[in-house]
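Shown next, in structure tokens, is the structure this report addresses.
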2 protein chains.
Amino acid sequence: MKSEKEIFDNYLIKKNLRETPQRGLILDTFLKHEEHISAEQLYDIVKKRDPSLGQATVYRVLKLIVEAGLAREVDLGDGVMRYEHNYNHPHHDHLVCRGCGKTIGVFDSVIEELQKRVAESYGFELTDHEMYLYGFCENCRKRKQ
Amino acid sequence: MKSEKEIFDNYLIKKNLRETPQRGLILDTFLKHEEHISAEQLYDIVKKRDPSLGQATVYRVLKLIVEAGLAREVDLGDGVMRYEHNYNHPHHDHLVCRGCGKTIGVFDSVIEELQKRVAESYGFELTDHEMYLYGFCENCRKRKQ
DNA sequence: ATTGCAAATGATAATCATTATCATTATTAT
DNA sequence: ATAATAATGATAATGATTATCATTTGCAAT
Ligand SMILES: [Mn+2]
Ligand SMILES: [Mn+2]
Ligand SMILES: [Zn+2]
Ligand SMILES: [Zn+2]
């Protein structure tokens, strides 16, 4: 099993791109962070180690990380794209609290199978999907009444 | 069974808002259009009938139409919000072709039930969800090979 | 080492859908 | 009629992301 760094470096080589300190730092920082993270949040962390690093580079490298298969985009519909680990972190969908924003990764293999079947029934070949379940968590429900 | 216009007018009254020609025209135009439509697309149509109408009004009235329960937002992730009918048009999710953009409304009651169950298993009370299935339609698959 | 070239970076401007602002106009209540 | 309130349209602002471009860096061939 290859490490994330190896996978990223192989991707760079395959695309004739160079390994740079900025790319290394951004990848490392992203990998250390276990929760969803936005480009701006990542930029704020990375800036502490290298204050000269520009935020355009963070956007650029995040895109590379996604292309290399190490990250996956999470669009919660608030206008900010977030990124989560996608290697050794199997596919899951998201359960999001409308009260406090708490997010939980969830997976249901029956739903996944039915999604494929629905798509096929319309002649589609399913490549991917997005499923966001919105509601109120236990804490937020208690707080309301 | 109340008409859409009645529902909208009742909503306006309840909120102490006024019935205006602009609101009437925008609602009518939206209702006549059966497919998903963006604010800008709707503005282009409405402008033909009333060239003095501003696009800010279209955004404002679309929001009212959603609040009144007559429309539902569709976010296909391309940065443009679209709106579809939500009255006498039962809930459905979307199957989207990554090749040509073709969109099909789909519904699977088993998936819907399982979504509720997954949420409950984490103590959440499900209020709504988004599910987008992406793939390639029959035409686009043929075209590729 | 030196030169030449492609790629990378950082600063900054541009983009673009959506919102906010605000002066003007229209509607309602008194 | 008068005052109060709401609605509109024009326009500016917003904010995340992307494009641009001058400068710097890494690498290769001489
Ligand atoms: Mn997640
Ligand atoms: Mn639809
Ligand atoms: Zn909550
Ligand atoms: Zn297609």
Side-chain angles (χ1 to χ4, degrees), chain A residues 8-30 36-68 71-83 101, chain B residues 8-30 36-68 71-83 101:
Chain A
F8 192 61
D9 289 350
N10 286 344
Y11 180 78
L12 293 179
I13 290 166
K14 195 177 63 179
K15 293 281 184 177
N16 286 320
L17 303 175
R18 294 172 185 162
E19 202 183 327
T20 67
Q22 289 91 337
R23 286 176 176 163
L25 175 58
I26 292 168
L27 177 62
D28 281 351
T29 309
F30 170 71
H36 307 152
I37 190 169
S38 67
E40 201 188 342
Q41 288 175 314
L42 188 55
Y43 175 56
D44 286 342
I45 299 174
V46 144
K47 227 178 1 184
K48 291 174 188 161
R49 291 239 176 170
D50 180 356
S52 72
L53 203 149
Q55 71 175 335
T57 302
V58 175
Y59 279 97
R60 287 189 280 239
V61 176
L62 270 174
K63 194 171 284 185
L64 291 177
I65 294 173
V66 169
E67 287 165 16
R72 175 167 108 90
E73 297 187 325
V74 179
D75 181 1
L76 299 179
D78 62 354
V80 182
M81 193 61 78
R82 294 185 179 74
Y83 298 85
Chain B
F8 191 62
D9 289 350
N10 286 344
Y11 180 77
L12 293 179
I13 290 166
K14 194 177 64 181
K15 293 281 184 177
N16 286 321
L17 303 174
R18 294 170 185 165
E19 201 183 329
T20 68
Q22 289 92 338
R23 286 175 177 162
L25 174 59
I26 292 168
L27 176 63
D28 281 351
T29 309
F30 170 71
H36 307 154
I37 191 169
S38 66
E40 201 187 343
Q41 289 175 314
L42 188 55
Y43 174 58
D44 286 341
I45 300 173
V46 144
K47 226 177 4 183
K48 290 174 188 162
R49 292 238 176 170
D50 180 356
S52 72
L53 201 149
Q55 70 175 336
T57 302
V58 174
Y59 279 96
R60 286 189 282 238
V61 176
L62 269 174
K63 194 171 284 186
L64 292 177
I65 294 173
V66 169
E67 288 166 15
R72 172 168 110 90
E73 298 187 325
V74 179
D75 181 359
L76 299 179
D78 61 354
V80 183
M81 193 62 77
R82 293 184 179 75
Y83 298 85

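Labels below follow one simple rule: chain letters A, B, ... track the order of the sequence lines, proteins then strands, and each chain is numbered from 1.
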**Study point:** Which nucleotide in C/dG10, C/dA17, C/dT9 has an atom nearest any side-chain atom of A/Leu53
**Key:** C/dG10

Practice item. Would you please confirm or rule out a distance under 4.0 Å between OP1 or OP2 of D/dA6 and any side-chain N or O of B/Thr20? Key: no

**Study point:** Distance in angstrom units between B/Asp75 CG and C/dA17 P, rounded
**Key:** 14 Å

Point to revise | Side-chain heavy-atom pair B/Ile65, B/Tyr83 within 4.5 angstrom cut-off | key: no

Practice item. Report yes if a side-chain nitrogen or oxygen of B/Gln22 is closer than 4.0 Å to either non-bridging phosphate oxygen (OP1 or OP2) of D/dG9; otherwise report no. Key: yes

Practice item. Write down the distance between NZ (A/Lys15) and C1' (C/dA8), rounded to a whole number of angstrom. Key: 17 Å

Revision key, fill the gap. Ranking B/Glu19 and B/Ala56 by the position along DNA chain D of their nearest nucleotide, the one closer to 5' is B/Glu19

Check your understanding: The side chain of B/Met81 lies closest to which of these nucleotides: D/dA10, C/dT28, C/dT18?
Key -> C/dT18

Practice item. Rounded to the nearest angstrom, tell me the gap between atom CZ in B/Arg82 and atom C1' in C/dT18. Key: 15 Å

Review point. Does B/Arg23 reach the main-chain N or O of B/Arg18 with its side chain, forming a donor-acceptor pair under 3.5 Å?
Key: yes

Practice item. Would you classify B/Ser38 as touching base, sugar-phosphate or nothing, given that sugar-phosphate means primed atoms plus P, OP1 and OP2, and contacts are heavy atoms under 4.0 Å? Key: nothing

Check your understanding: Taking five pairs at each end of the helix from C/dA1-D/dT30 to C/dT30-D/dA1, what angle separates the two helix axes (nearest 10°)?
Key -> 10°

Review point. Atom CG of B/Leu17 and atom CG of B/Asp9: how far apart are they, to the nearest 0.5 Å?
Key: 11.5 Å

Review point. D/dA16 P sits how many Å from A/Tyr43 OH, rounded?
Key: 14 Å

Review point. According to a strict under-4.0 Å criterion, is B/Thr57 in side-chain N/O contact with OP1 or OP2 of D/dG9?
Key: yes

Revision key, fill the gap. Value for NE2 (A/His36) from CD (A/Gln41), rounded to nearest 0.5 Å, stands at 11.0 Å

**Study point:** Heavy-atom side-chain contact between B/Ile26 and B/Leu53 under 4.5 Å
**Key:** yes

Revision key, fill the gap. Result for 5'-nearest mapping on DNA chain C, choosing between B/Val80 and A/Leu12, is A/Leu12

Check your understanding: Whole Å only: how far is the CD atom of A/Glu40 from the C1' atom of D/dG15?
Key -> 9 Å

Practice item. Measure from CG on A/Leu17 to C1' on D/dT25 and round the result to the nearest Å. Key: 15 Å

**Study point:** Residue B/Arg18, side-chain atoms from C-beta onward, closest of D/dT5, C/dT12, C/dT18
**Key:** D/dT5

Exercise for review: State whether B/Arg60 places a side-chain N or O below 4.0 Å from either non-bridging phosphate oxygen (OP1 or OP2) of D/dT8.
Suggested key: no

Practice item. Using side chain to side chain contact (heavy atoms under 4.5 Å, CB included) as the criterion, point out the one residue from A/Leu25, A/Ile37, A/Ile45, A/Val58 that pairs with A/Phe30. Key: A/Ile37

Check your understanding: Does the side chain of A/Gln22 come within less than 4.5 Å of A/Val61's, by heavy atoms?
Key -> no

Review point. How long is the line joining CD1 of B/Ile26 and C1' of D/dG9, in whole Å?
Key: 12 Å

Exercise for review: Look at atom CD of B/Glu67 and say whether more than 12 heavy atoms of other residues, nucleotides or ligands are closer to it than 6.0 Å.
Suggested key: yes

Check your understanding: Quick one: A/Ile13 CD1 to D/dG26 P, roughly how many Å, whole number?
Key -> 17 Å

